[in-house]
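I have placed the structure first, in the form of structure tokens, so that the comments after it can refer back to it.
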Number of protein chains: 2
Amino acid sequence: MKSISAILDTHGLRDTQSRRLVLKVLMQSKKPLSQKDIHACLAKEDRVVNLVTVYRILEKFRDVGLIHHSAGGVVFCSLEQADGHHVLLSCEECGVIEEYCDEELCKHEDRIAKRAGFFPTSHVSELIGRCASCHF
Amino acid sequence: MKSISAILDTHGLRDTQSRRLVLKVLMQSKKPLSQKDIHACLAKEDRVVNLVTVYRILEKFRDVGLIHHSAGGVVFCSLEQADGHHVLLSCEECGVIEEYCDEELCKHEDRIAKRAGFFPTSHVSELIGRCASCHF
DNA sequence: AAGTAAATGCAAAAGTTTTGCATTCGTATG
DNA sequence: CATACGAATGCAAAACTTTTGCATTTACTT
């Protein structure tokens with residue numbers, strides 16, 4: 001597996017401590033994170049990175065294609081896995097967001113894009129509803 | 001086709017002018033709108049509804065299942081069409097968001113949900129990339 | 001037609017994101 | 001390996017978004 005520093009390097013980014021910390025959090029997370037989430041997550045382990053810096057780091061990461069933001073401008077910070085497709089299962093009741101990968105869905109969406117004359121760099125699908133434990 | 005008032009009534013909502021105005025904007029829109037979008041859209045036709053009220057109306061609409069918010073908390077206000085699936089083609093370059101409907105994708109996602117033990121009430125898929133005119 | 005609960009608008013509080021500027025840090029060069 | 005330069009960071013504050021409290025108005029019931 002590639003080291004954090006190597007990933008930064010590959011993407012033409014300077015190898016700073018803040019970036020390593022943020023990237024590590026993103027890589028270990030199973031679900032999309034907001035800037036605040038990342039900041040809080042780091043603070044919890046006493047690795048403080050200024051919230052403004054988190055914003056700027058994510059902006060940079062996005063520029064180089066390491067992560068993606070969604071339509072509403074909200075960040076979806078799950079790292080792109082090689083060709084994996086992100087399906088988020090988002091529970092309206094308890095707020096939990098699970099992530100799920102599906103290769104076939106990805107291909108299907110590529111067909112849609114082609115048909116619409118669109119050139120996708122990333123996909124996010126979201127199912128909104130109730131998770132198993134909130135459905136009774 | 002159902003009248004706006006009838007839709008409100010069906011969902012157990014009081015039939016007020018503000019709600020009719022907001023609902024109409026949502027029904028006529030081809031893409032997801034934010035609270036601000038809706039407010040601006042109404043203001044443009046001199047039908048002023050206080051922004052705070054727009055927030056509250058959308059909250060209510062969501063409670064009764066007329067619209068859905070997405071993972072990040074951002075609103076996706078496209079009205080649910082009967083069994084249609086919303087695919088958003090979101091251009092990172094020019095910011096334009098197109099909407100696209102696909103029945104098959106919808107079915108595929110239902111299968112994913114079933115497999116994951118999830119009970120979806122709505123789907124949103126987003127393709128992030130470049131639209132035809134920004135791709136050169 | 002009056003009474004009541006719900007909806008609205010306004011002002012302001014709370015929260016989030018962006019900006020400007022001074023300082024620190026990483027890396028390419030000699 | 002020291003230096004110099006541009007890039008990244010932190011802080012303070014500005015700008016923007018969302019929520020809350022309260023007084024007033026509106027829609028629906030009887």
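Just so we're on the same page: letters track the sequence lines, and every chain starts at 1.
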Exercise for review: Among Val25(A), Ile38(A), Asp37(A), find the one that has a side-chain contact (heavy atoms from CB on, under 4.5 Å) with Val54(A).
Suggested key: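 Of all the options given, the one that passes is Ile38(A).
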
Do you know which two heavy atoms are closest between [X] and [Y], and how far apart they sit?
X        : Y        : result
Leu66(B) : His11(B) : CD2-CE1, 3.7 Å
Leu58(B) : Gln35(B) : CD1-CG, 3.4 Å
Val49(A) : His39(A) : O-CD2, 2.8 Å
Arg19(B) : Leu8(B)  : CB-CD1, 4.0 Å
Lys60(B) : Leu13(B) : CG-CD2, 3.7 Å
Val52(B) : Asn50(B) : N-OD1, 2.7 Å

Point to revise | Derivation of the side-chain contact (heavy atoms from CB on, under 4.5 Å) call for Leu42(B) and Val48(B) | key: CA-CA 6 Å; Leu42(B) 289 168; Val48(B) 176; over 6 Å; no

Integer-rounded Å distance: [N] [atom2] and [X] [atom1]:
X        : N       : atom1 : atom2 : value
Arg19(A) : dC25(C) : CZ    : P     : 15 Å
Glu59(A) : dA7(D)  : CD    : C1'   : 14 Å
Arg47(A) : dT9(D)  : CZ    : C1'   : 16 Å
His39(A) : dG15(C) : NE2   : P     : 15 Å
Leu8(B)  : dA6(C)  : CG    : C1'   : 14 Å
Asp37(B) : dT17(D) : CG    : P     : 10 Å
Ile38(B) : dT17(D) : CD1   : P     : 14 Å

Exercise for review: Give the intermediate values and the outcome of side-chain contact (heavy atoms from CB on, under 4.5 Å) for residues Leu33(B) and Cys41(B).
Suggested key: CA-CA 10 Å; Leu33(B) 300 171; Cys41(B) 182; 5.9 Å; no

Point to revise | Contact pattern, 5' to 3', of nucleotides 18-23 of chain C - B, S or - by protein heavy atom under 4.0 Å | key: BBB---

Exercise for review: Between dC11(D), dT8(C), dA8(D), spot the one nearest the side chain of Asn50(A), thanks.
Suggested key: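 That would be dC11(D).
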
Pairs under 3.5 Å (N/O, protein and nucleotides 26-30 of chain C):
from	atom 1	to	atom 2	distance (Å)
dG26(C)	N2	Arg14(A)	NH2	3.2
dG26(C)	N3	Arg14(A)	NH2	2.8
dT27(C)	OP1	Asp15(A)	N	3.3

Point to revise | Nearest-nucleotide 5' precedence on DNA chain C, Lys36(A) against Ile57(B) | key: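 Result of the comparison: Ile57(B).
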
